[in-house]
Every structure is written in C-alpha cells, then in structure tokens.
**Student:** 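Structure below; questions to follow.
We name chains A, B, ... by the order of the sequence lines, and we start the count at 1 in each one.
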Amino acid sequence: MARHLITSAIPYINGIKHLGNLVGSQLPADLYARYLRGRGHEVMFLCATDEHGTPAELAAAKAGKPVAEYCEEMHGVQAEIAEGFRLSFDHFGRSSSPQNHRLTQHFAKQLYEQGLIREVSETQMYSPTDGRYLPDRYIEGTCPNCGFDSARGDQCDNCTKQLDPVDLIDPRSVISGATDLEMRETKHLYLRQSTMKDELEKWIDSKADWPILTTSIAKKWLNDGDGLQDRGITRDLDWGIPVKRGDEDWPGMEGKVFYVWFDAPIEYIACAQEWVDAGKGEDWERWWRTDKGADDVTYTQFMGKDNVPFHTLSFPATILGSGEPWKLVDYIKSFNYLNYDGGQFSTSRGRGVFMDQALEILPADYWRWWLLSHAPESGDAEFTWENFQTSVNKDLADVLGNFASRVTKFCRSKFGEEVPQGGAQTPLETRLIADLTTKIREYETHMEAMEIRKAAAALRAAWVLGNEYLQEAAPWATFKEDPEQAAMQIRLALNLIRLYAVISAPFIPDACATLRTAMRTEDAGWPDDVAAALEVLAPGHAFSVPENIFRKITDEEREDWQSRFAGTR
RNA sequence: GGGCCUGUAGCUCAAUUGGUUAGAGCAGGGCGCUCAUAACGCCUUGGUUGGGGGUUCGAGUCCCUCCGGGCCUACCA
C-alpha cells in the first residue's frame, strides 16, 4: 500500500468546459485515482476551479453579477457537472479560497526572503473608459505590418507578426471599443526563475520516464532564445489575491493582485487545507510537506499540453524557491488535444459537445469509455459521431453488456436466480484463468504506466475472453447431457461478471456499480489471484438479472446529434 | 520566422526504442453457434509504413530533403 497524491489541472471558472478539456486532465486523473484506490492504495485526488483574472471579471460583467458571486455560482455549476461525470475528487476547491489567499501570500514572502523576487517598472495600456489596464490581447488595432484592421496587441492574426500594443495603429479596447487608451507606468513583481534555470533543468533531466510531450515543452522554454525568462507574477486588477508578503503589506504594490498563474498551482496545496476545513480529513501536511510525512507520497499531475510550462517550470520554481520542504511533483502526464469532427472544439461558435450537453444525451459511462479509450496521448485525437457510436455499441453494449445479459438470463432459465452448485473444472477453465491472469496483469502494467489507451484495449480483451469461454464451454449444450457441468460453467461466468465489475470500475463506475448490485455483492477486492476471485460468489448466492446495462446508439440519434452540435448554437 | 509533435490497412490506433513474414479493434467477405441487447465465436480480404534520397548486414524506427496535418512562441487562461 502506497500513498498517491493526484491533481488535475484546474479548469478556468469562465463557462462550461468541452469534452476536449475533460479528457485532457480531469478524466484521466480520475481514472488513475479510481484505479489506485481499487488496488488498495491511499489516494488524495484534488481539483478546483481557477477563478482569478481578466476573463472572469469580464464574464461576470457580462452576466451582470459581482465577480465573487459569479464565481461562486459557476463553481457550483462545475462541481455539479463533475459529479455527473463521476469525477471522484476528494475535494473540489476554489483558487479564491481564504486558504489559497494565505498560502499564496506566504509563498510570495518566502520567495522575497530568498531573494527571488524583483521589482520591474513597466508601461502598460490603460483604458480610462473601462477603468482598467488592458492585457495585450484585449487591445485591437490596425497592423503596422500588413494593414489588417483587427490585429491584437500581442500578434496579428492575419500576418502572424508579433506585436507590441504600442505598435498598433488606432488601438482600441476590445472590451468597450474605447480609443482613449494611454500608456501608464506601473510596477510589478517578477519571479526570478532565470536564476533557477540550472536547478530546474537538472530536475527535468532526471525525469527520463516522463512523456516526451512534457519534457520537450519544458526544455523548449528552458533553452529557447535567451533561456528561461523571469516571469511577472502580479497584475493591476481588482479580482485576485492582494499582493502581500505573508500578512504584511507590500510597499508599492497597493491595489495589485497576484497573477492567476502564480496562485492557481498553489491552490493544489491550499485545496488540501480546504479539504481539512470542510471536515473531510485531518492532516493535509502529510500529503504536502516532506518533513511531515509526505516523503513517501507519489505525486502525479494531469494536464493538457498548454499547461505544461507552468507545471514544469513556474510552479516548481515557486516550490523550490520557497526554501521550504514542499512536495514536488514526481510524474507529469500531459495530453494533446481532442478535435471535433474535422476541426477544433469552439466555445465561441458552439462547435462540439460540452460537458453539460454530453450528460443530457447519454450517461457518463458512455463518454468516459470513449474518451479514455481514445485519449490523445501520442498525438491530437479526433471525435467523430460514427466512431463514438461504433465504439460504444460494440465495446460496451455487445462485448460487456451482452455478456452480463446472456449469462444471467441463461442461469435464470436453467437454474434460477442463484449461483448453481456442482461440477468440477476442466482444462478449459484452467486455460481461461491463465489467459485472464495474463490480460489483467497487462492491464495493471498499462494503468500503472498511465498508458490509457493500452489499458482500455487490455480491459476490452479481458471482456472478450468471457465471450470466447462461453462459446467453447457452450453451457446451453452441456446442460442437455450434464447439468452439473453446465452449473460449474455458469457459476464461473457469473463470477466473471463480478470480476469485470471490479476491474472495469475505473473506466465505467456506474455500470460496474449496477453489476455489483445485480450480483448482490459488496466485494470489490482486486483479483490478484484470478482463480480465487472467480469463487467469490459461492453456490446458493442469490443474484438478479440486471436490466441491459448499456443501450445502443441508433443511427437516427447519431445523425441528430451530428447536426445539433455542428456549430453556432 | 523559430521550435516541437505528427503522417502506418477504408476508419481509429499498435509495433518491446535498429532486428525475422509491420500487428489489433471497427468496417468488408466466409463459416459456426443459438444462452444473449440480430448479440457471441472462428476463419479471412486488405499496407511500396506520405514522396524521394542516404547510413546500415538489416530502417516504420536514424540522417537529409520535399509534401500534408497540428500545436507552441512567454500579457487568454
């Protein structure tokens, strides 16, 4: 039994996420957490909403609500959807929590005392009409290079030239359209991560087993151009964590807040404090402080590739730079993007399926199975309705669902609704047990390596073994000559249903719960010994025939959904 | 512009890191079974590994080049 700390990249508060976001972090993290719990390990699985920053302020304004109220509401919405997808967080926190305020300010103080913070004076576009400083991307104007009239302050979408907001001709605020923009001098804090480049690089180099996607992005940032750059960690905003050194004011930083990318990862830690304060557990430090019990914790992070630089460099710089014994990540599992039917998911154009819509259409297990078995691990992956339909119908309804159905219904008609007794195993059963053992060990190997698609394939192969066995054993034929032999065969098959319910639960928890209920067993012990696991349901044990646990997606539904989610909702 | 990833069967993906005849699932074809959600099982068709060149006894894998797809480029988060 080991101790595993697992975090998923925290979703931004602004709106409901699409399936690509889900499969890039929360869902695989949940799979891994459920698997490790199933193996009997002690798991702490944390996630939260990322609530600060300009987009949250603007979204709140658009909704006509104070930003704090907007965030509280949206946190509730996201928490409910997460529950709908059966994401088994030990706690789903908020980066705006008091715990995170204190901890973020604490880290800032530590970094300051370690000499890792410097003040930088810079000029920034200010919009009197909007009453706020504008990030580069919230300024538009005419491109000095190509004349495109909607070039953004950071880059021209037409000619791709990198721009500075001051380069733009006739700049205007994206928010209000105001043109009375002015440059104002403002002071900000920078994290001197450049001084930690060697330490960070050495640490990254020691992680030879990380996905290439993770290390290649990290090395790019370490070595590109002039190497790792210092990073601004404060912003001129109202909504955020006030810049302080611990609980002391920070002279010159009045009215400023920490940049969301500084406080968001710290929320991983603060979230564990929230977990304690919510009465869900007692000691959060044994998960996060290596001097207080966390030295035997294995910490794994899950995220989409866009999040990698912050998790490989900025956050480790914060942790290491603090000079305190915080737990550093051991493994970073990163994902590529999921595309939608030949293009990208698009929030603004309503293209693709969003988490709330997905659950309105079908139960969580259908989505979980498809998304996880097609997780974008080696490259970007693509969702198509045809593929979704065939995968779900074939794998879940035909291979697994129908297996449970044929076994329970056959038993009911020949022996009644209890596990029949009699008969002795033959070499056929010995072989099945050997094949299952091989396949389950393979499944475990892939799960432990977080090779998600391979794990799904191995699991499916284990389901197929059940159907193969039935075909060969043919209890319906055996029953005519030797009912006891048929009883042994079907007893084994009934036990196989329970075994599948145990090993499949990380992927499809609801269906597995239904199966365990039908088999009337609470026993979710992992089949370390397959032969023994297939004798858990003893002769005489009552069960019931489950309703079909997976229904099929019809061609009509598929076509309907295809047009419904094509865009511009 | 720079960098990274990617291109393998009609489709979605593998290939033990340079080692026999490139493998699975789905789709297609044939056969079998009848317990089951017209489900299951067995057999089978199908590939000049994007094109070209090179290194090597040997290349899907390494190098060069061209073509296609995607991502990142530090103030969206």
Side-chain angles (χ1 to χ4, degrees), chain A residues 9-14 50 52-56 58 122 124-125 133-139 152-155 160-162 164-165 174 188 212-213 215-217 219-221 223-225 228-232 235 259-261 264 304-310 313-314 336-337 339 344 370 373-374 376-384 386-391 393-399 401-414 451 453-454 456-457 460-461 464 466-479 486 489-490 493 545 547-552:
Chain A
I10 66 178
Y12 198 64
I13 193 69
N14 171 16
D50 177 13
H52 298 132
T54 310
L58 297 179
E122 53 194 21
Q124 179 137 24
M125 282 281 188
Y133 283 90
L134 297 176
D136 291 357
R137 296 197 187 192
Y138 286 93
I139 301 162
R152 290 178 314 180
D154 57 337
Q155 184 178 40
T160 74
K161 187 176 171 60
Q162 306 277 307
D164 202 281
V174 170
H188 282 296
I212 294 170
L213 186 65
T215 48
S216 66
I217 291 173
K219 288 189 175 184
K220 168 69 161 57
W221 282 57
N223 298 312
D224 194 38
L228 187 62
Q229 300 297 298
D230 291 344
R231 198 171 176 91
R235 290 292 183 272
Y259 180 38
V260 290
W261 262 114
K305 58 185 169 188
D306 51 335
N307 275 326
V308 168
F310 304 98
L313 303 169
S314 306
N336 287 283
Y337 291 145
N339 290 319
Q344 295 185 351
W370 189 90
S373 62
H374 293 80
E377 292 176 297
S378 57
D380 290 351
E382 174 149 323
F383 176 91
T384 65
E386 289 84 357
N387 193 310
F388 179 66
Q389 181 192 25
T390 55
S391 286
N393 288 357
K394 200 72 199 168
D395 299 347
L396 296 182
D398 294 346
V399 178
N402 181 54
F403 177 81
S405 188
R406 66 194 295 204
V407 170
T408 51
K409 286 179 182 171
F410 178 79
C411 187
R412 179 173 61 185
S413 75
K414 305 299 183 198
E451 295 265 23
R453 280 191 307 217
K454 288 178 183 173
R460 185 190 187 283
V464 168
N467 284 310
E468 286 176 351
Y469 170 74
L470 284 185
Q471 183 65 29
E472 277 201 65
W476 48 89
T478 320
F479 182 77
Q489 293 168 336
I490 216 65
V545 174
E547 286 307 303
N548 287 345
I549 56 172
F550 294 106
R551 72 174 186 83
K552 294 204 190 188

**Student:** For a quick check of understanding: with a heavy-atom distance under 4.0 Å over all strands, which category does A:Val308 fall into, base, sugar-phosphate or nothing?
**Tutor:**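 Nothing, no nucleic acid heavy atom in range.
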
**Student:** A:Ile217 has an atom CD1; how far is it from atom P of B:G70, in whole Å?
**Tutor:**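 Distance, rounded to whole Å: 18 Å.
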
**Student:** Remember a base hit wins even if backbone is also touched, and classify A:Tyr337 as base, sugar-phosphate or nothing at under 4.0 Å, heavy atoms.
**Tutor:** sugar-phosphate

**Student:** When we call it a touch if two heavy atoms are under 4.0 Å apart, what does A:Gln124 touch: a base, just sugar-phosphate, or nothing?
**Tutor:** base

**Student:** Under 3.5 Å, is there a donor-acceptor pair between the side chain of A:Thr408 and the main chain of A:Ala404?
**Tutor:** yes

**Student:** Specify the residue among A:Arg460 and A:Pro55 whose closest nucleotide of RNA chain B lies further upstream toward the 5′ end.
**Tutor:**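 Here A:Arg460 is the residue nearer the 5' end.
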
**Student:** Using the glycosidic torsion, which applies to B:U17: syn (within 90° of 0) or anti (everything else)?
**Tutor:**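 This nucleotide is in syn.
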
**Student:** Out of B:C40, B:A77, B:A74, which nucleotide sits closest to the side chain of A:Asp50?
**Tutor:** B:A77

**Student:** What string of B, S and - do you get for nucleotides 9-17 of chain B, 5' to 3', if B is base contact, S is sugar-phosphate-only contact and - is no contact with any protein heavy atom under 4.0 Å?
**Tutor:** ---SSSS--

**Student:** Does a nitrogen or oxygen in the side chain of A:Lys394 sit under 4.0 Å from OP1 or OP2 of B:C40?
**Tutor:**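 For A:Lys394, the contact criterion (side-chain N or O under 4.0 Å from OP1 or OP2 of B:C40) is met.
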
**Student:** Could you state the atom-to-atom distance from CZ of A:Phe388 to P of B:C26 in whole Å?
**Tutor:**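 So the CZ-P distance, A:Phe388 to B:C26, works out to 18 Å.
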
**Student:** Counting only N and O atoms by type, is there a donor-acceptor contact under 3.5 Å from the side chain of A:Tyr12 to the main-chain atoms of A:His52?
**Tutor:** yes

**Student:** Give A:Ile549 one of three labels, base, sugar-phosphate or nothing, depending on what nucleic acid heavy atoms sit under 4.0 Å from its own.
**Tutor:** base

**Student:** Taking protein heavy atoms under 4.0 Å as touching, what does nucleotides 29-35 of chain B look like 5' to 3' if B marks base contact, S marks sugar-phosphate-only contact and - marks none?
**Tutor:** ---BSSB

**Student:** How many Å lie between CG on A:Asn339 and P on B:C5, as a whole number?
**Tutor:** 19 Å

**Student:** At 4.0 Å (heavy atoms only), tell me whether A:Lys305 reaches a base, stays on the sugar-phosphate, or touches nothing.
**Tutor:**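 Sugar-phosphate contact only.
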
**Student:** Can you label the angle between the A:Trp261 ring and the A:Phe310 ring as parallel, tilted or perpendicular, going by 30° and 60°?
**Tutor:** parallel

**Student:** Starting at atom CG of A:Asn336, determine the distance to atom P of B:G7, rounded to an integer number of angstrom.
**Tutor:**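 Result: 11 Å.
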
**Student:** Taking both distances under 3.5 Å as the test for a Watson-Crick or G-U pair, what stems of at least three pairs does RNA chain B have?
**Tutor:**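 When the pairs of RNA chain B are grouped into runs of at least three, the stems are B:1-7 with B:67-73, B:10-13 with B:23-26, B:28-32 with B:40-44, B:50-54 with B:62-66.
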
**Student:** For a quick check of understanding: with a heavy-atom distance under 4.0 Å over all strands, which category does A:Pro475 fall into, base, sugar-phosphate or nothing?
**Tutor:** nothing

**Student:** Let's test your reading of the model: under 3.5 Å, does the base of B:A36 pair with the side chain of A:Asn402 as donor and acceptor?
**Tutor:**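 Indeed, a donor on one side and an acceptor on the other fall under 3.5 Å apart.
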
**Student:** Quick one: label A:Glu451 by what it contacts on the DNA or RNA (base, sugar-phosphate, nothing), any heavy atom closer than 4.0 Å.
**Tutor:**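 A:Glu451: no heavy atom of the nucleic acid under 4.0 Å.
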
**Student:** Let me spell it out: for each of A:Val464 and A:Ala397, pick the nucleotide of RNA chain B with the closest heavy atom. Which residue's pick is nearer the 5' end?
**Tutor:** A:Ala397

**Student:** Output yes when at least one side-chain N/O atom of A:Tyr469 is less than 4.0 Å from OP1 or OP2 of B:C40, else no.
**Tutor:**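 Answer is no, no contact under 4.0 Å.
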
